[in-house]
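Note sheet for the following structure.
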Amino acid sequence: MTKFKFYGGVDEIGGNKVQLISPENSIFFDFGKSFNREGEFFSEFLQPRKLNGIMDLVEFGLLPPIKGIYREDYLKKAGLHHTPQPSSQGIFISHAHLDHMGYLHHIREDIPFYMTRDSHRIIRALEMTGIAGFNNYTTYQPEFLLLPKKRASKNSTTSHKRATSRDKIKKPRQIEIMEPYQEYELGDLKITSSPVDHSLPGSCSFMSDDGEEAVLYTGDFRFHGLRESETRKMIKEAKKFTPTTIITEGTRIDRDHNRTEADIKLKAAEKARSHEGLLIVNYPLRDLDRFYTFYQVAKESDRTMVVNTKQAFLLNEFGGDGYPGLKDVAVYVPRRGWGLLGGESQVCMEDEWIYSCELEQEYLDSDYKGWEKDYINWDNNVHYQDLQKSPGDYIFQCDYFEFKELIDIKPENAIYIKSKTEPFNDEMEIDARREKNWLEHFNIQIETGYHASGHAHGVEILEMIQEIAPEKVYPIHTRHKEKFQVLKDDGIKVVDPGFKK
């Protein structure tokens with residue numbers, strides 16, 4: 001008998017960790033981070049300790065105590081038993097948002113990850129450009145290594161040293177790139193991925209059949225973005241699949257309308273045409289459809305789209321596959337470290353103060369992280385002086401964590417377009433107040449109402465389920481699961497995923 005276990009996403013938005021146990025196999029749909037739950041115990045400066053393996057997260061119920069799925073180094077460090085064989089045959093990632101894949105770091109290396117090509121690109125960019133301490137998503141890098149020294153010390157026959165970062169062994173994880181609607185077999189399971197519209201590329205649903213239970217796991221989806229046709233096709237194929245069970249998100253089950261991506265473009269284009277100064281935009285970096293919206297606005301208003309180095313890295317990962325490439329945008333190079341590049345900074349060399357422009361390139365590059373060095377010496381780079389000199393020529397991407405750039409730019413007559421979701425927890429409220437303080441300090445006009453949700457609204461979700469007509473539904477990724485009860489009138493059983501027998 002097929003069983004489902006829900007270790008996250010129940011009565012909360014995100015944190016999805018859904019285990020499907022078939023007669024022969026065990027797999028997970030997503031393995032995400034619960035931001036609200038984690039925020040109750042941890043913060044930016046109060047982080048889980050790596051030295052305690054997984055146990056800091058297990059202590060607060062953030063990771064489920066399941067045998068056979070966690071990495072050996074973390075288990076052994078915490079004094080826990082590591083099983084020779086994994087207890088799960090794979091983790092299927094619906095998309096590259098952290099609330100669906102943010103805990104992959106903790107998974108053992110012999111459990112494969114299944115995802116789309118675009119999800120792999122985004123997750124790799126997250127790993128390469130992020131500063132988080134738990135980001136072994138596409139690679140596996142063992143911790144707590146002591147390596148033998150080349151020579152024994154005088155007082156012992158054997159000596160060891162702690163492994164430095166360059167000593168550590170890093171290798172690719174087992175990642176299977178899933179092609180749309182291609183069937184993959186894991187023992188008694190036959191699984192296909194179905195692309196859907198969401199707020200970043202590569203999002204998909206999964207259809208799984210073990211001969212006993214046919215399951216549609218929707219992941220996150222919508223109908224009002226640039227890929228509506230993909231969600232429509234998923235529903236069409238799901239009807240043919242005739243699932244007995246749907247596990248569906250319900251983020252906006254209590255809403256009856258959505259702003260569309262087309263609405264955002266129309267509104268932003270009007271602002272770009274009517275305003276002569278700098279346009280500053282803040283949108284989720286991985287939402288390349290939103291990037292494309294502002295890129296089109298920039299092109300149509302005879303402006304240049306300026307992106308940061310992280311977005312440049314991501315665009316380079318896609319290599320022009322479906323999105324503008326690096327040659328089509330300008331890359332903003334901030335001052336880092338000593339502020340040697342892009343300014344007229346002075347440094348002291350051999351008791352003489354000289355301008356940084358007189359330094360050799362290796363000194364200038366030393367201010368930047370390894371991955372960034374590929375993007376700071378392009379012909380299409382811009383610096384803060386460029387935005388000062390010709391502000392009306394640009395649309396400048398600048399998120400909350402880059403507001404320090406405003407001190408250098410000192411924009412005049414600038415407009416700030418916020419194209420992100422409004423705050424929904426205490427931490428976001430605090431950030432929003434700081435954001436307001438920065439913008440008011442520089443007399444920057446704030447424009448809101450430029451966000452399109454990544455989720456379908458309630459009418460669309462219920463119509464999707466009614467059209468596919470499963471026997472039962474598990475509502476997850478929602479705080480309003482009671483809104484699904486109307487499906488009982490259609491003969492569809494609504495099962496509470498949090499109910500324990």
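Just so we're clear, the structure is a prediction, and the values are computed from it rather than from any experiment.
- A distance below 6.0 Å separates the ring centres of Tyr416 and Phe403.
- Aromatic pair Tyr74/His105: ring centres closer than 6.0 Å.
- Ser419 contributes a side-chain N or O that, together with a main-chain N or O of Tyr450, makes up a donor-acceptor pair within less than 3.5 Å.
- Atom CG of Asp302 sits in a sparse spot, with 12 or fewer heavy atoms from other residues, nucleotides or ligands closer than 6.0 Å.
- In this structure, CD in Gln397 is found 12.5 Å from CZ in Arg290, a value given to the nearest 0.5 Å.
- Checking side-chain atoms of Thr231 against main-chain N and O of Arg222 turns up a donor-acceptor pair under 3.5 Å.
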Assess whether salt bridge (Lys or Arg N to Asp or Glu O under 4.0 Å) is satisfied between Glu143 and Lys77, documenting all intermediate values.
CA-CA 9 Å; Glu143 304 284 353; Lys77 189 68 171 65; over 6 Å; no
May I have the step-by-step check of side chain to side chain contact (heavy atoms under 4.5 Å, CB included) for Arg124 and Ile175, ending in yes or no?
CA-CA 11 Å; Arg124 181 176 180 275; Ile175 295 179; over 6 Å; no
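- Between Phe396 and the options Tyr283, Phe294, Tyr384, Tyr332, a ring-ring contact (aromatic ring centres under 6.0 Å, His included) holds for only Tyr332.
- Side chain of Glu249 to main chain of Phe221: a donor-acceptor pair is present (N/O by atom type, distance under 3.5 Å, no hydrogens or angles).
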Could you go through the salt bridge (Lys or Arg N to Asp or Glu O under 4.0 Å) check for Asp386 and Lys389 one step at a time?
CA-CA 5 Å; Asp386 299 300; Lys389 182 180 178 181; over 6 Å; no
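- Atom CD of Glu440 has more than 12 neighbouring heavy atoms from other residues, nucleotides or ligands inside a 6.0 Å radius.
- A side-chain contact (heavy atoms from CB on, under 4.5 Å) with Leu326 is found for one member of Phe318, Phe313, Tyr375 and no other, namely Tyr375.
- Side-chain polar atoms of Gln361 and Asn377 form a donor-acceptor pair below 3.5 angstrom.
- His100 and Asp220 share a side-chain donor-acceptor pair at under 3.5 Å.
- A 4.5 Å side-chain heavy-atom check between Ile247 and Phe206 finds every atom pair outside the cut-off.
- For the 3.5 Å distance criterion, the side chains of His455 and Thr251 qualify, holding a donor opposite an acceptor.
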Check step by step if salt bridge (Lys or Arg N to Asp or Glu O under 4.0 Å) holds for Lys265 and Glu300.
CA-CA 11 Å; Lys265 182 185 175 185; Glu300 292 172 8; 3.1 Å; yes
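- A salt bridge between Arg37 and Glu12 is absent, with no side-chain N of the basic residue lying under 4.0 Å from a carboxylate O of the acidic one.
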Arg49 vs Asp56, test: salt bridge (Lys or Arg N to Asp or Glu O under 4.0 Å). Steps then yes/no.
CA-CA 7 Å; Arg49 300 167 298 170; Asp56 282 10; 2.9 Å; yes
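- Within a 6.0 Å sphere centred on NZ of Lys404, other residues, nucleotides and ligands contribute 12 heavy atoms or fewer.
- Tyr323 has its ring centre no less than 6.0 Å from the ring centre of Phe291.
- Aromatic pair Phe60/Phe42: ring centres closer than 6.0 Å.
- Panel note: side chain Lys50, backbone Gly133; a donor-acceptor pair is recorded below 3.5 Å.
- Asn282 places no side-chain N or O within donor-acceptor distance of the main-chain N or O of Lys418, the cut-off being under 3.5 Å.
- Here the side chain of Asp367 pairs no donor or acceptor atom with the backbone of Leu364 at under 3.5 angstrom.
- By the 6.0 Å contact criterion, NZ on Lys373 is enclosed, its count of non-hydrogen atoms from other residues, nucleotides or ligands being greater than 12.
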Determine whether Gln346 and Tyr355 satisfy the following criterion, side chain to side chain contact (heavy atoms under 4.5 Å, CB included), listing intermediate values before the conclusion.
CA-CA 4 Å; Gln346 293 191 62; Tyr355 284 101; 3.7 Å; yes
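- Ion pair Asp321/Arg121 flagged as a salt bridge, since at least one NZ, NE, NH1 or NH2 atom sits closer than 4.0 Å to an Asp/Glu carboxylate oxygen.
- Side-chain N/O atoms of Ser453 and Asn258 include no donor and acceptor closer than 3.5 Å.
- Between the side chain of Asn380 and the backbone N or O of Val329 there is at least one donor-acceptor pair closer than 3.5 Å.
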Hey, mind stepping through Tyr103 and Phe31 against ring pair (Phe, Tyr, Trp, His ring centres under 6.0 Å) and telling me if it holds?
CA-CA 6 Å; Tyr103 283 151; Phe31 210 81; 7.0 Å; no
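- Without hydrogens or angle criteria, Lys17 side chain to Gly32 main chain gives a donor-acceptor distance under 3.5 Å.
- In terms of modelled atom types and a separation under 3.5 Å, the side chain of His457 and the main chain of Val459 share a donor-acceptor contact.
- Using modelled atom types, no side-chain atom of Asp365 and backbone atom of Glu362 make a donor-acceptor pair closer than 3.5 Å.
- Counting heavy atoms from C-beta on, the side chains of Arg71 and Ile54 never come closer than 4.5 Å.
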